Amino acid sequence: MCYGGQRLPSKDDLTDPTRRTRTLPAANENVVVVENLRDRLAETEARLERARAREAELSRQLEEMKRYVCVMEILECYLKRRYKEQQVRTLAVVNSK
């Protein structure tokens, strides 16, 4: 995950007033942290939504491909059977002469 070169604040950074690097008052800093977390949550939710949509599309494509393969297997069996029947008829014609 990329967070614009900024490291994520640790629990200690958020709760220990002596570790604060900003000079903003505590209330303003909390507002900034909450806004940052809300923005990141919104980005994560958007990525999750895109991933779910992609998963649904891939699932649909997979089911379509499964149906296609099933039809191809049916055709293959039919053509093999017709080929064998044709061989039998050809041998019968050749042997009857």
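Just so we're clear, the structure is a prediction, and the values are computed from it rather than from any experiment. Numbering starts at 1 and runs along the sequence shown.
- Here CG of Leu79 is found 12.0 Å from CD1 of Ile74. Values are rounded to the nearest 0.5 Å.
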Please tabulate, for the side chains in residues 48-70, all donor-acceptor contacts under 3.5 angstrom to protein atoms that are two or more places apart in sequence or on a different chain.
{"from": "Glu57", "atom 1": "OE1", "to": "Arg60", "atom 2": "NE", "distance (Å)": "3.3"}
{"from": "Glu57", "atom 1": "OE2", "to": "Arg60", "atom 2": "NH2", "distance (Å)": "2.7"}
{"from": "Glu57", "atom 1": "OE2", "to": "Gln61", "atom 2": "NE2", "distance (Å)": "3.0"}
{"from": "Ser59", "atom 1": "OG", "to": "Glu55", "atom 2": "O", "distance (Å)": "3.0"}
{"from": "Arg60", "atom 1": "NH1", "to": "Glu64", "atom 2": "OE1", "distance (Å)": "3.0"}

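- A donor-acceptor pair under 3.5 Å links the side-chain atoms of Asn95 to the main chain of Leu91, judged by distance alone.
- Within a 6.0 Å radius of CZ in Arg89, more than 12 heavy atoms belonging to other residues, nucleotides or ligands are found.
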